[in-house]
Amino acid sequence: MTNLACQVLGIAKSFGPNKVLREVDLGLPSGKVTVLMGANGAGKSTLVKILCGVHTADTGSMTLFGKSFWPNSPADAFQSGIVTVHQSINNGVIPDLDVASNLMIDRLAQKTTGFFINGNKLRQDALKVASTMDLTVDVTASVRDLGLADRQMIAIARAMTRNPKVLILDEPTSSLSANEAQRLFKLLKTLKGKGVAILYISHRMSDIRNVADRIVTMRDGKISGLFEDAVLDYEGAVTAMLGQKISHSDFHLKAKGETVLKIANAKLNSYSKPFNLTFYKNEIVAIVGLLGAGKTALASAIFGLDTLQGIIMTLHGERYTPMHPWDALEARVFMCPKDRATNAVISGFDIKNNLALPFLHHHSWLSFIKRQNLTKNAKKTISELGVVCQSELDYVTTLSGGNQQKVMVGRWLSEASDVLLLDEPFQGVDIKARRDIGDHIRSSSKDRATIVFVAELDEALEIADRIVVLHEGDYVGDFENTVENLSQIVSRYSGQTETCNQSKTIT
(Lines give C-alpha, C1' and ligand atoms only; values in the text may rest on other atoms or scores of the structure.)
Protein backbone atom coordinates (compact mmCIF):
# COMPACT_ATOMS: atom_id res chain seq x y z
CA MET A 1 0.00 0.00 0.00
CA THR A 2 1.35 3.43 -0.95
CA ASN A 3 1.20 6.76 0.83
CA LEU A 4 1.09 5.35 4.35
CA ALA A 5 0.89 8.01 7.05
CA CYS A 6 1.50 5.54 9.87
CA GLN A 7 2.54 1.89 9.94
CA VAL A 8 3.01 -0.61 12.74
CA LEU A 9 4.79 -3.92 12.16
CA GLY A 10 5.05 -6.90 14.50
CA ILE A 11 3.70 -5.00 17.53
CA ALA A 12 3.35 -7.18 20.63
CA LYS A 13 2.32 -6.20 24.15
CA SER A 14 1.80 -8.20 27.33
CA PHE A 15 0.62 -7.24 30.80
CA GLY A 16 2.10 -9.87 33.07
CA PRO A 17 1.12 -13.28 31.65
CA ASN A 18 -1.69 -11.76 29.58
CA LYS A 19 -0.66 -11.35 25.92
CA VAL A 20 -2.84 -8.51 24.67
CA LEU A 21 -1.26 -7.88 21.25
CA ARG A 22 0.38 -10.57 19.14
CA GLU A 23 2.48 -9.49 16.12
CA VAL A 24 0.06 -6.81 14.92
CA ASP A 25 0.63 -5.26 11.47
CA LEU A 26 -1.43 -2.20 10.55
CA GLY A 27 -1.09 0.54 7.98
CA LEU A 28 -3.02 3.83 7.96
CA PRO A 29 -3.05 5.48 4.51
CA SER A 30 -3.36 9.24 4.18
CA GLY A 31 -6.74 10.55 3.08
CA LYS A 32 -8.66 7.40 4.03
CA VAL A 33 -10.83 6.23 6.92
CA THR A 34 -9.70 2.89 8.28
CA VAL A 35 -12.40 1.37 10.48
CA LEU A 36 -11.05 -0.92 13.20
CA MET A 37 -13.50 -3.55 14.43
CA GLY A 38 -12.91 -6.04 17.22
CA ALA A 39 -14.74 -7.73 20.05
CA ASN A 40 -14.21 -6.33 23.53
CA GLY A 41 -10.82 -7.53 24.73
CA ALA A 42 -9.46 -8.01 21.19
CA GLY A 43 -6.69 -5.48 21.83
CA LYS A 44 -8.01 -2.37 20.08
CA SER A 45 -7.61 -0.02 23.06
CA THR A 46 -4.09 -1.25 23.80
CA LEU A 47 -3.07 -0.70 20.17
CA VAL A 48 -4.49 2.83 20.27
CA LYS A 49 -2.66 3.55 23.54
CA ILE A 50 0.63 2.48 21.93
CA LEU A 51 -0.03 4.74 18.94
CA CYS A 52 -0.76 7.73 21.18
CA GLY A 53 2.10 7.19 23.65
CA VAL A 54 0.26 5.87 26.70
CA HIS A 55 1.88 2.41 26.48
CA THR A 56 5.13 1.21 24.91
CA ALA A 57 5.17 -1.94 22.79
CA ASP A 58 7.30 -4.89 23.92
CA THR A 59 8.46 -5.65 20.38
CA GLY A 60 7.87 -4.41 16.85
CA SER A 61 8.32 -1.14 15.01
CA MET A 62 6.31 1.96 14.13
CA THR A 63 6.86 4.58 11.45
CA LEU A 64 5.23 7.96 10.84
CA PHE A 65 5.58 9.16 7.25
CA GLY A 66 8.43 6.70 6.74
CA LYS A 67 10.44 7.71 9.82
CA SER A 68 10.82 5.66 12.99
CA PHE A 69 8.25 6.74 15.56
CA TRP A 70 8.10 5.84 19.26
CA PRO A 71 6.10 8.39 21.27
CA ASN A 72 7.20 8.55 24.90
CA SER A 73 3.97 10.22 26.06
CA PRO A 74 0.63 11.49 24.74
CA ALA A 75 2.18 14.97 24.48
CA ASP A 76 4.91 13.51 22.27
CA ALA A 77 2.26 11.92 20.03
CA PHE A 78 0.31 15.21 19.86
CA GLN A 79 3.38 17.14 18.78
CA SER A 80 4.06 14.53 16.10
CA GLY A 81 0.55 14.89 14.71
CA ILE A 82 -1.24 11.85 16.18
CA VAL A 83 -4.42 13.03 17.91
CA THR A 84 -6.81 10.72 19.75
CA VAL A 85 -10.40 11.22 20.93
CA HIS A 86 -10.94 8.44 23.46
CA GLN A 87 -14.20 6.58 24.10
CA SER A 88 -14.31 7.86 27.69
CA ILE A 89 -15.50 11.45 27.26
CA ASN A 90 -13.81 12.62 30.46
CA ASN A 91 -10.44 11.84 28.84
CA GLY A 92 -11.15 14.51 26.23
CA VAL A 93 -12.56 17.36 28.35
CA ILE A 94 -11.88 19.00 31.70
CA PRO A 95 -15.28 19.27 33.47
CA ASP A 96 -14.23 22.07 35.85
CA LEU A 97 -13.30 24.47 33.02
CA ASP A 98 -15.61 26.36 30.70
CA VAL A 99 -16.09 25.45 27.05
CA ALA A 100 -13.70 28.11 25.74
CA SER A 101 -10.85 26.96 28.00
CA ASN A 102 -11.45 23.33 27.01
CA LEU A 103 -11.35 24.12 23.32
CA MET A 104 -8.20 26.23 23.64
CA ILE A 105 -6.39 24.31 26.41
CA ASP A 106 -3.48 23.27 24.20
CA ARG A 107 -2.85 26.85 23.12
CA LEU A 108 -3.01 28.00 26.75
CA ALA A 109 -0.33 25.47 27.63
CA GLN A 110 2.13 26.86 25.08
CA LYS A 111 5.06 28.83 26.45
CA THR A 112 4.38 31.70 24.05
CA THR A 113 0.99 32.41 25.63
CA GLY A 114 2.41 34.72 28.28
CA PHE A 115 1.44 35.27 31.89
CA PHE A 116 -1.87 37.04 31.24
CA ILE A 117 -4.81 35.56 29.33
CA ASN A 118 -6.95 37.74 27.08
CA GLY A 119 -10.41 36.37 27.89
CA ASN A 120 -12.18 38.04 24.97
CA LYS A 121 -9.68 36.72 22.43
CA LEU A 122 -9.84 33.29 24.04
CA ARG A 123 -13.60 33.17 23.59
CA GLN A 124 -13.41 34.51 20.01
CA ASP A 125 -10.86 31.85 19.07
CA ALA A 126 -12.98 29.21 20.80
CA LEU A 127 -16.01 30.25 18.74
CA LYS A 128 -13.98 29.77 15.55
CA VAL A 129 -13.01 26.27 16.67
CA ALA A 130 -16.60 25.47 17.64
CA SER A 131 -17.78 26.52 14.19
CA THR A 132 -15.76 23.68 12.61
CA MET A 133 -18.25 21.29 14.22
CA ASP A 134 -21.31 23.56 13.88
CA LEU A 135 -21.20 23.63 17.68
CA THR A 136 -23.54 26.31 19.06
CA VAL A 137 -22.98 25.77 22.79
CA ASP A 138 -22.27 28.81 25.01
CA VAL A 139 -18.45 28.97 25.26
CA THR A 140 -18.70 30.53 28.73
CA ALA A 141 -20.69 27.57 30.11
CA SER A 142 -19.02 25.06 32.43
CA VAL A 143 -18.45 21.72 30.71
CA ARG A 144 -19.63 19.98 33.90
CA ASP A 145 -23.14 21.36 33.27
CA LEU A 146 -23.35 20.05 29.70
CA GLY A 147 -24.83 16.79 28.49
CA LEU A 148 -22.88 13.85 27.13
CA ALA A 149 -23.44 14.79 23.50
CA ASP A 150 -22.14 18.36 23.92
CA ARG A 151 -19.10 17.11 25.84
CA GLN A 152 -18.34 14.62 23.09
CA MET A 153 -18.60 17.31 20.42
CA ILE A 154 -16.26 19.54 22.43
CA ALA A 155 -13.71 16.73 22.72
CA ILE A 156 -13.82 16.22 18.94
CA ALA A 157 -13.66 19.96 18.20
CA ARG A 158 -10.71 20.29 20.59
CA ALA A 159 -8.91 17.57 18.63
CA MET A 160 -9.29 19.66 15.47
CA THR A 161 -7.25 22.52 17.02
CA ARG A 162 -4.19 20.27 16.89
CA ASN A 163 -4.23 20.00 13.06
CA PRO A 164 -3.92 16.21 13.16
CA LYS A 165 -2.00 14.20 10.58
CA VAL A 166 -3.39 10.98 12.04
CA LEU A 167 -6.76 11.21 13.82
CA ILE A 168 -7.93 8.33 16.03
CA LEU A 169 -11.61 8.28 17.02
CA ASP A 170 -12.78 5.64 19.52
CA GLU A 171 -16.60 5.14 19.35
CA PRO A 172 -17.10 8.87 18.64
CA THR A 173 -20.86 8.71 17.99
CA SER A 174 -21.83 6.70 21.09
CA SER A 175 -23.36 9.82 22.69
CA LEU A 176 -24.34 11.76 19.57
CA SER A 177 -27.71 12.29 17.93
CA ALA A 178 -28.19 11.45 14.25
CA ASN A 179 -27.74 15.12 13.25
CA GLU A 180 -24.58 15.46 15.34
CA ALA A 181 -23.20 12.26 13.85
CA GLN A 182 -23.81 13.65 10.36
CA ARG A 183 -21.80 16.76 11.30
CA LEU A 184 -18.94 14.50 12.32
CA PHE A 185 -19.13 12.52 9.07
CA LYS A 186 -19.04 15.78 7.11
CA LEU A 187 -15.92 16.85 9.04
CA LEU A 188 -14.22 13.51 8.34
CA LYS A 189 -14.85 13.97 4.63
CA THR A 190 -13.14 17.39 4.82
CA LEU A 191 -10.17 15.94 6.72
CA LYS A 192 -9.81 13.14 4.19
CA GLY A 193 -9.56 15.78 1.48
CA LYS A 194 -6.69 17.35 3.41
CA GLY A 195 -4.83 14.03 3.50
CA VAL A 196 -5.45 13.17 7.17
CA ALA A 197 -5.24 9.45 7.98
CA ILE A 198 -8.21 8.48 10.15
CA LEU A 199 -8.52 5.41 12.38
CA TYR A 200 -12.19 5.03 13.32
CA ILE A 201 -13.09 2.47 15.98
CA SER A 202 -16.75 1.50 16.03
CA HIS A 203 -19.22 -1.38 16.28
CA ARG A 204 -22.10 0.58 14.77
CA MET A 205 -22.81 -0.64 11.26
CA SER A 206 -24.60 2.63 10.46
CA ASP A 207 -21.35 4.50 11.23
CA ILE A 208 -19.19 2.03 9.35
CA ARG A 209 -21.33 2.20 6.21
CA ASN A 210 -21.13 6.02 6.34
CA VAL A 211 -17.39 6.47 6.80
CA ALA A 212 -15.34 3.36 5.97
CA ASP A 213 -12.91 3.29 3.05
CA ARG A 214 -11.42 0.09 4.45
CA ILE A 215 -12.07 -2.20 7.41
CA VAL A 216 -9.50 -3.95 9.59
CA THR A 217 -10.69 -6.54 12.11
CA MET A 218 -8.97 -7.78 15.27
CA ARG A 219 -9.50 -10.96 17.27
CA ASP A 220 -7.52 -12.28 20.25
CA GLY A 221 -4.81 -9.64 19.90
CA LYS A 222 -4.20 -10.26 16.19
CA ILE A 223 -5.34 -8.78 12.90
CA SER A 224 -7.96 -11.21 11.63
CA GLY A 225 -9.12 -9.52 8.43
CA LEU A 226 -8.56 -6.69 5.96
CA PHE A 227 -11.38 -5.47 3.71
CA GLU A 228 -10.63 -2.73 1.19
CA ASP A 229 -12.37 -3.70 -2.05
CA ALA A 230 -14.51 -1.12 -3.84
CA VAL A 231 -17.57 -2.81 -2.30
CA LEU A 232 -16.80 -3.57 1.34
CA ASP A 233 -17.85 -6.97 2.72
CA TYR A 234 -19.53 -5.93 5.98
CA GLU A 235 -20.82 -9.41 6.79
CA GLY A 236 -17.38 -10.85 6.16
CA ALA A 237 -15.86 -8.24 8.48
CA VAL A 238 -18.23 -9.20 11.32
CA THR A 239 -17.41 -12.89 10.78
CA ALA A 240 -13.66 -12.15 10.81
CA MET A 241 -14.07 -10.10 13.99
CA LEU A 242 -15.95 -12.85 15.85
CA GLY A 243 -14.36 -15.92 14.28
CA GLN A 244 -17.79 -17.30 13.41
CA LYS A 245 -21.03 -16.37 11.77
CA ILE A 246 -23.78 -15.30 14.13
CA SER A 247 -27.13 -16.73 13.13
CA HIS A 248 -30.31 -15.01 14.21
CA SER A 249 -32.68 -17.48 15.83
CA ASP A 250 -36.42 -16.95 15.64
CA PHE A 251 -37.57 -14.31 18.10
CA HIS A 252 -40.31 -15.59 20.39
CA LEU A 253 -42.44 -13.03 22.21
CA LYS A 254 -42.81 -13.65 25.93
CA ALA A 255 -46.25 -14.10 27.41
CA LYS A 256 -47.35 -11.10 29.48
CA GLY A 257 -47.70 -11.65 33.20
CA GLU A 258 -49.56 -9.50 35.70
CA THR A 259 -49.47 -5.69 35.57
CA VAL A 260 -46.49 -4.28 37.47
CA LEU A 261 -46.14 -0.57 36.63
CA LYS A 262 -48.59 1.93 35.17
CA ILE A 263 -47.74 5.44 34.03
CA ALA A 264 -50.49 7.95 33.30
CA ASN A 265 -50.54 11.50 31.93
CA ALA A 266 -46.78 11.65 31.31
CA LYS A 267 -45.43 14.65 29.39
CA LEU A 268 -41.78 14.61 28.28
CA ASN A 269 -41.72 18.37 27.73
CA SER A 270 -44.07 21.34 27.92
CA TYR A 271 -45.04 21.00 24.25
CA SER A 272 -45.73 17.26 24.07
CA LYS A 273 -49.07 15.54 24.52
CA PRO A 274 -49.63 13.34 27.59
CA PHE A 275 -49.48 9.57 27.20
CA ASN A 276 -49.99 6.44 29.27
CA LEU A 277 -47.90 3.27 29.54
CA THR A 278 -48.43 -0.11 31.15
CA PHE A 279 -45.63 -2.59 31.88
CA TYR A 280 -46.11 -6.25 32.66
CA LYS A 281 -44.18 -8.99 34.42
CA ASN A 282 -42.16 -11.28 32.11
CA GLU A 283 -42.20 -8.70 29.31
CA ILE A 284 -39.29 -6.68 27.96
CA VAL A 285 -40.24 -3.27 26.59
CA ALA A 286 -37.77 -1.15 24.62
CA ILE A 287 -38.29 2.62 24.76
CA VAL A 288 -36.54 3.67 21.56
CA GLY A 289 -35.78 7.06 20.07
CA LEU A 290 -32.90 9.20 18.88
CA LEU A 291 -30.95 11.37 21.30
CA GLY A 292 -33.27 14.05 22.65
CA ALA A 293 -36.41 11.97 22.22
CA GLY A 294 -37.04 11.91 25.98
CA LYS A 295 -35.92 8.42 26.98
CA THR A 296 -33.65 9.44 29.84
CA ALA A 297 -36.25 11.89 31.19
CA LEU A 298 -38.76 9.05 31.43
CA ALA A 299 -36.25 6.70 33.05
CA SER A 300 -35.25 9.38 35.56
CA ALA A 301 -38.87 9.97 36.57
CA ILE A 302 -39.47 6.25 37.20
CA PHE A 303 -36.29 6.00 39.29
CA GLY A 304 -36.88 9.14 41.35
CA LEU A 305 -34.04 11.18 39.88
CA ASP A 306 -36.42 13.76 38.44
CA THR A 307 -40.10 14.26 37.80
CA LEU A 308 -42.34 14.81 34.79
CA GLN A 309 -45.19 17.27 34.60
CA GLY A 310 -48.51 15.66 35.57
CA ILE A 311 -47.15 12.11 35.73
CA ILE A 312 -49.06 9.59 37.86
CA MET A 313 -47.48 6.20 38.56
CA THR A 314 -48.79 3.07 40.25
CA LEU A 315 -46.71 0.05 41.25
CA HIS A 316 -48.63 -3.18 41.84
CA GLY A 317 -51.81 -1.12 41.99
CA GLU A 318 -50.57 1.32 44.64
CA ARG A 319 -49.50 4.94 44.14
CA TYR A 320 -45.77 5.19 43.43
CA THR A 321 -44.11 8.60 43.94
CA PRO A 322 -40.32 8.20 44.31
CA MET A 323 -38.69 11.43 45.52
CA HIS A 324 -35.18 9.92 45.55
CA PRO A 325 -33.47 6.85 44.06
CA TRP A 326 -33.50 5.27 47.54
CA ASP A 327 -37.31 5.34 47.38
CA ALA A 328 -37.13 3.44 44.10
CA LEU A 329 -34.64 0.91 45.46
CA GLU A 330 -36.84 0.24 48.48
CA ALA A 331 -39.73 -0.39 46.09
CA ARG A 332 -37.48 -2.83 44.13
CA VAL A 333 -37.25 -0.51 41.14
CA PHE A 334 -33.66 -0.63 39.87
CA MET A 335 -31.93 1.45 37.22
CA CYS A 336 -28.70 0.82 35.33
CA PRO A 337 -27.63 4.29 34.06
CA LYS A 338 -25.79 5.22 30.90
CA ASP A 339 -22.34 6.84 30.95
CA ARG A 340 -20.60 4.19 33.04
CA ALA A 341 -17.47 6.34 33.58
CA THR A 342 -19.27 8.96 35.68
CA ASN A 343 -22.49 7.33 36.87
CA ALA A 344 -21.76 3.67 37.42
CA VAL A 345 -18.44 1.89 37.91
CA ILE A 346 -16.19 2.86 40.83
CA SER A 347 -12.66 3.02 39.45
CA GLY A 348 -11.00 2.35 42.81
CA PHE A 349 -12.98 -0.87 43.40
CA ASP A 350 -12.41 -4.36 42.06
CA ILE A 351 -15.06 -6.29 40.10
CA LYS A 352 -16.35 -7.99 43.24
CA ASN A 353 -17.10 -4.76 45.09
CA ASN A 354 -18.43 -2.96 42.00
CA LEU A 355 -20.96 -5.74 41.52
CA ALA A 356 -22.12 -5.55 45.13
CA LEU A 357 -22.97 -1.84 45.03
CA PRO A 358 -25.52 -0.68 46.16
CA PHE A 359 -26.49 -3.98 47.80
CA LEU A 360 -23.75 -4.29 50.41
CA HIS A 361 -26.39 -4.60 53.14
CA HIS A 362 -27.40 -7.90 51.52
CA HIS A 363 -23.83 -9.14 51.91
CA SER A 364 -23.23 -8.07 55.51
CA TRP A 365 -24.10 -8.93 59.08
CA LEU A 366 -24.29 -5.93 61.38
CA SER A 367 -21.24 -3.93 60.25
CA PHE A 368 -19.30 -6.94 58.96
CA ILE A 369 -19.04 -7.73 55.24
CA LYS A 370 -19.57 -11.37 54.27
CA ARG A 371 -16.66 -11.64 51.86
CA GLN A 372 -17.58 -15.15 50.77
CA ASN A 373 -20.98 -13.84 49.69
CA LEU A 374 -19.33 -11.10 47.65
CA THR A 375 -17.02 -13.59 45.97
CA LYS A 376 -19.85 -16.02 45.19
CA ASN A 377 -21.98 -13.21 43.76
CA ALA A 378 -19.11 -11.95 41.60
CA LYS A 379 -18.15 -15.36 40.21
CA LYS A 380 -21.78 -16.08 39.32
CA THR A 381 -22.17 -12.80 37.41
CA ILE A 382 -18.80 -13.15 35.68
CA SER A 383 -19.84 -16.61 34.47
CA GLU A 384 -23.36 -15.65 33.40
CA LEU A 385 -22.34 -12.56 31.43
CA GLY A 386 -18.98 -13.84 30.18
CA VAL A 387 -16.90 -11.05 31.70
CA VAL A 388 -13.33 -11.43 30.40
CA CYS A 389 -11.00 -11.00 33.39
CA GLN A 390 -8.32 -12.78 35.42
CA SER A 391 -10.53 -12.97 38.52
CA GLU A 392 -13.16 -11.09 40.51
CA LEU A 393 -10.28 -9.21 42.19
CA ASP A 394 -9.31 -7.34 39.01
CA TYR A 395 -9.84 -3.60 39.23
CA VAL A 396 -12.73 -2.70 36.99
CA THR A 397 -10.70 -0.06 35.12
CA THR A 398 -8.30 -2.78 33.90
CA LEU A 399 -11.15 -4.28 31.86
CA SER A 400 -12.08 -3.34 28.31
CA GLY A 401 -14.99 -0.95 27.92
CA GLY A 402 -17.38 -3.72 26.97
CA ASN A 403 -16.46 -5.83 29.98
CA GLN A 404 -16.91 -2.81 32.25
CA GLN A 405 -20.38 -2.49 30.74
CA LYS A 406 -21.09 -6.14 31.57
CA VAL A 407 -20.08 -5.51 35.18
CA MET A 408 -22.35 -2.47 35.35
CA VAL A 409 -25.35 -4.33 33.91
CA GLY A 410 -24.55 -7.42 35.98
CA ARG A 411 -24.76 -5.40 39.21
CA TRP A 412 -28.45 -4.70 38.65
CA LEU A 413 -29.21 -8.21 37.42
CA SER A 414 -27.60 -9.80 40.49
CA GLU A 415 -30.55 -8.88 42.75
CA ALA A 416 -34.27 -9.54 42.28
CA SER A 417 -36.29 -6.52 41.20
CA ASP A 418 -39.90 -5.76 40.30
CA VAL A 419 -38.97 -3.17 37.66
CA LEU A 420 -35.57 -3.04 35.97
CA LEU A 421 -34.64 0.07 33.98
CA LEU A 422 -31.65 -0.23 31.64
CA ASP A 423 -30.52 3.04 30.04
CA GLU A 424 -28.34 2.29 26.98
CA PRO A 425 -27.10 -1.08 28.34
CA PHE A 426 -25.21 -1.88 25.13
CA GLN A 427 -23.24 1.37 24.91
CA GLY A 428 -19.72 0.74 23.62
CA VAL A 429 -19.98 -3.06 23.39
CA ASP A 430 -19.35 -5.29 20.39
CA ILE A 431 -21.96 -7.45 18.69
CA LYS A 432 -21.14 -10.63 20.63
CA ALA A 433 -21.08 -8.85 24.01
CA ARG A 434 -24.39 -7.20 23.12
CA ARG A 435 -25.91 -10.62 22.53
CA ASP A 436 -24.40 -11.97 25.78
CA ILE A 437 -25.95 -9.13 27.77
CA GLY A 438 -29.24 -9.32 25.88
CA ASP A 439 -29.56 -13.08 26.31
CA HIS A 440 -29.03 -12.79 30.06
CA ILE A 441 -31.55 -9.96 30.36
CA ARG A 442 -34.17 -12.05 28.53
CA SER A 443 -33.43 -15.29 30.38
CA SER A 444 -33.76 -13.59 33.79
CA SER A 445 -36.87 -11.48 33.12
CA LYS A 446 -39.61 -13.85 34.32
CA ASP A 447 -40.40 -12.19 37.64
CA ARG A 448 -40.06 -8.51 36.73
CA ALA A 449 -41.02 -5.85 34.22
CA THR A 450 -37.95 -4.90 32.18
CA ILE A 451 -37.69 -1.54 30.40
CA VAL A 452 -34.73 -0.94 28.09
CA PHE A 453 -33.98 2.58 26.82
CA VAL A 454 -31.98 2.59 23.58
CA ALA A 455 -31.21 4.95 20.71
CA GLU A 456 -30.29 2.23 18.22
CA LEU A 457 -33.30 0.53 16.65
CA ASP A 458 -31.46 -2.72 15.92
CA GLU A 459 -30.69 -3.07 19.64
CA ALA A 460 -34.40 -2.75 20.45
CA LEU A 461 -35.34 -5.31 17.82
CA GLU A 462 -32.86 -7.82 19.25
CA ILE A 463 -34.12 -7.77 22.83
CA ALA A 464 -37.67 -6.45 23.21
CA ASP A 465 -41.09 -8.09 23.14
CA ARG A 466 -42.67 -4.66 22.69
CA ILE A 467 -41.25 -1.44 21.28
CA VAL A 468 -42.46 2.02 22.32
CA VAL A 469 -41.22 4.73 19.97
CA LEU A 470 -40.47 8.31 21.06
CA HIS A 471 -39.64 11.13 18.67
CA GLU A 472 -38.53 14.60 19.78
CA GLY A 473 -40.38 14.39 23.09
CA ASP A 474 -43.55 12.78 21.78
CA TYR A 475 -44.89 9.26 22.09
CA VAL A 476 -45.47 8.10 18.49
CA GLY A 477 -46.24 4.41 18.68
CA ASP A 478 -46.34 1.10 20.53
CA PHE A 479 -45.78 -2.16 18.66
CA GLU A 480 -45.17 -5.83 19.31
CA ASN A 481 -41.76 -6.85 17.97
CA THR A 482 -42.94 -8.77 14.91
CA VAL A 483 -41.89 -8.78 11.27
CA GLU A 484 -45.30 -7.43 10.30
CA ASN A 485 -44.78 -4.31 12.44
CA LEU A 486 -41.20 -3.58 11.34
CA SER A 487 -42.00 -1.03 8.63
CA GLN A 488 -44.23 0.99 10.98
CA ILE A 489 -41.60 0.89 13.74
CA VAL A 490 -38.92 2.17 11.35
CA SER A 491 -41.11 4.96 9.98
CA ARG A 492 -42.15 6.18 13.44
CA TYR A 493 -38.57 5.97 14.70
CA SER A 494 -37.28 8.13 11.85
CA GLY A 495 -40.12 10.67 12.25
CA GLN A 496 -41.67 9.94 8.85
CA THR A 497 -45.21 9.99 10.26
CA GLU A 498 -46.99 12.66 12.26
CA THR A 499 -46.70 12.42 16.02
CA CYS A 500 -49.76 11.45 17.96
CA ASN A 501 -51.88 14.44 18.95
CA GLN A 502 -53.94 13.00 21.76
CA SER A 503 -53.52 11.15 25.04
CA LYS A 504 -52.57 7.51 24.49
CA THR A 505 -53.31 4.42 26.54
CA ILE A 506 -50.90 1.56 25.96
CA THR A 507 -51.74 -1.94 27.11
Side-chain angles (χ1 to χ4, degrees), residues 89 136-137 146-153 173-184 204 206-207 261 263-279 284-303 305-311 313 335-339 343 421-428 450-481 485-506:
I89 296 172
T136 57
V137 67
L146 302 179
L148 281 176
D150 285 333
R151 281 185 273 165
Q152 183 74 302
M153 296 292 277
T173 63
S174 60
S175 301
L176 302 184
S177 68
N179 288 336
E180 288 161 338
Q182 288 302 320
R183 279 189 255 163
L184 173 61
R204 293 189 172 193
S206 56
D207 280 20
L261 177 68
I263 296 174
N265 203 44
K267 292 184 64 174
L268 297 176
N269 58 52
S270 58
Y271 306 103
S272 63
K273 300 296 182 181
F275 61 92
N276 306 331
L277 291 167
T278 302
F279 301 99
I284 298 176
V285 178
I287 309 292
V288 64
L290 298 171
L291 198 71
K295 304 184 303 296
T296 297
L298 182 58
S300 297
I302 299 172
F303 194 58
L305 286 167
D306 208 342
T307 189
L308 290 176
Q309 180 182 343
I311 191 170
M313 293 186 285
M335 178 175 170
C336 178
K338 63 181 178 181
D339 190 14
N343 292 330
L421 312 169
L422 299 159
D423 195 359
E424 296 292 355
F426 310 116
Q427 191 171 35
T450 305
I451 310 171
V452 182
F453 301 83
V454 292
E456 293 286 314
L457 186 55
D458 61 333
E459 295 175 358
L461 294 170
E462 278 188 10
I463 194 173
D465 301 294
R466 183 156 56 97
I467 297 174
V468 174
V469 186
L470 303 179
H471 183 74
E472 295 183 352
D474 278 304
Y475 154 78
V476 294
D478 173 32
F479 306 91
E480 283 192 337
N481 186 5
N485 289 333
L486 182 58
S487 61
Q488 290 190 71
I489 294 171
V490 172
S491 65
R492 300 294 176 91
Y493 171 81
S494 59
Q496 294 176 18
T497 62
E498 292 184 3
T499 59
C500 304
N501 56 10
Q502 59 185 359
S503 179
K504 303 295 187 298
T505 301
I506 303 172

Q: So if I apply the side chain to side chain contact (heavy atoms under 4.5 Å, CB included) rule between Ile451 and each of Ile284, Leu298, Leu261, which one comes out positive?
A: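 Considering Ile284, Leu298, Leu261, a side chain to side chain contact (heavy atoms under 4.5 Å, CB included) with Ile451 is found only for Leu261.
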Q: Side chain of Glu424, backbone of Ala455: donor and acceptor closer than 3.5 Å?
A: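 Confirmed, Glu424 side chain pairs with Ala455 backbone.
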Q: In Å and rounded to the nearest 0.5 Å, what is the CG to CG distance from Leu421 to Leu305?
A: 9.5 Å
Q: Would Asp423 and Lys295 pass as an ion pair if we require N to O under 4.0 Å?
A: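 Here Asp423 does not pair with Lys295 in a salt bridge, since their nearest N and O are not under 4.0 Å apart.
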Q: Please name the pair of heavy atoms, one in Ala181 and one in Thr173, separated by the smallest distance, quoted to 0.1 Å.
A: CB-CG2, 4.0 Å
Q: Compare all side-chain heavy atoms of Gln309 with those of Asn265 and state whether any distance is below 4.5 angstrom.
A: no
Q: Which heavy atom in Leu470 sits nearest to a heavy atom in Gly294, and how many Å separate them?
A: CD1-C, 4.0 Å
Q: In chain order, what residues pass the side chain to side chain contact (heavy atoms under 4.5 Å, CB included) check against Gln488, with sequence neighbours excluded?
A: Phe479, Asn485, Arg492
Q: Is a side-chain N or O of Asn481 found less than 3.5 angstrom from the main chain of Arg466, in a donor-acceptor match?
A: no
Q: Main chain of Ala301, side chain of Asp306: is a donor-acceptor contact present, judged purely on distance under 3.5 Å?
A: no
Q: From Lys338 NZ over to Phe453 CZ, what is the distance, rounded to the nearest 0.5 angstrom?
A: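 Output value for this atom pair is 11.0 Å.
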Q: State whether the side chain of Asp478 and the backbone N or O of Val468 hold a donor-acceptor pair below 3.5 Å, judged by distance alone.
A: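 Such a contact is absent between Asp478 side chain and Val468 backbone.
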Q: Give the minimum heavy-atom separation between Ile463 and Phe426, together with the two atoms involved.
A: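 Heavy atoms only, the tightest pair is CD1-CZ, 3.8 Å.
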Q: We want to know whether Ser272 and Asp474 form a side-chain donor-acceptor pair, criterion being a heavy-atom distance below 3.5 angstrom.
A: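 Checked: Ser272/Asp474 side chains show no N/O donor-acceptor pair below 3.5 Å.
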Q: From Met153 CE over to Leu184 CG, what is the distance, rounded to the nearest 0.5 angstrom?
A: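 Here the rounded value is 7.0 Å.
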Q: Can you name the residues that form a side chain to side chain contact (heavy atoms under 4.5 Å, CB included) with Ala297, not counting sequence neighbours?
A: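 Testing Ala297 for side chain to side chain contact (heavy atoms under 4.5 Å, CB included), a comparison that skips the adjacent residues, returns Leu308.
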Q: Taking C-beta and beyond as the side chain, do Pro425 and Val452 meet within less than 4.5 Å on heavy atoms?
A: yes
Q: Find out whether Ile311 and Ile263 are in side-chain contact, i.e. whether some heavy atom of one side chain is under 4.5 Å from a heavy atom of the other.
A: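 Counting from C-beta outward, Ile311 and Ile263 do come under 4.5 Å.
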Q: With sequence neighbours excluded, tell me which residues meet side chain to side chain donor-acceptor pair (under 3.5 Å) with Ser300.
A: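 With neighbours one apart ignored, the set is empty.
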Q: Could you please spell out the steps behind the side-chain contact (heavy atoms from CB on, under 4.5 Å) verdict for Thr450 and Phe279?
A: CA-CA 8 Å; Thr450 305; Phe279 301 99; over 6 Å; no
Q: Can you confirm whether Glu480 sits close enough to Asp465 that some side-chain heavy atom of one is under 4.5 Å from a side-chain heavy atom of the other?
A: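 A side-chain contact is absent here, since even the closest heavy-atom pair is not under 4.5 Å.
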Q: Which heavy atom of Gly473 sits nearest a heavy atom of Asn269, and at what distance?
A: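 Smallest interatomic distance, heavy atoms only, reads CA-ND2, 3.6 Å.
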Q: Leu461 and side chain to side chain contact (heavy atoms under 4.5 Å, CB included): which single residue from Leu486, Val454, Val288 fits?
A: Leu486
Q: Kindly indicate whether the side chain of Phe275, heavy atoms from C-beta on, has any atom under 4.5 Å from the side chain of Leu268.
A: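 They are in side-chain contact.
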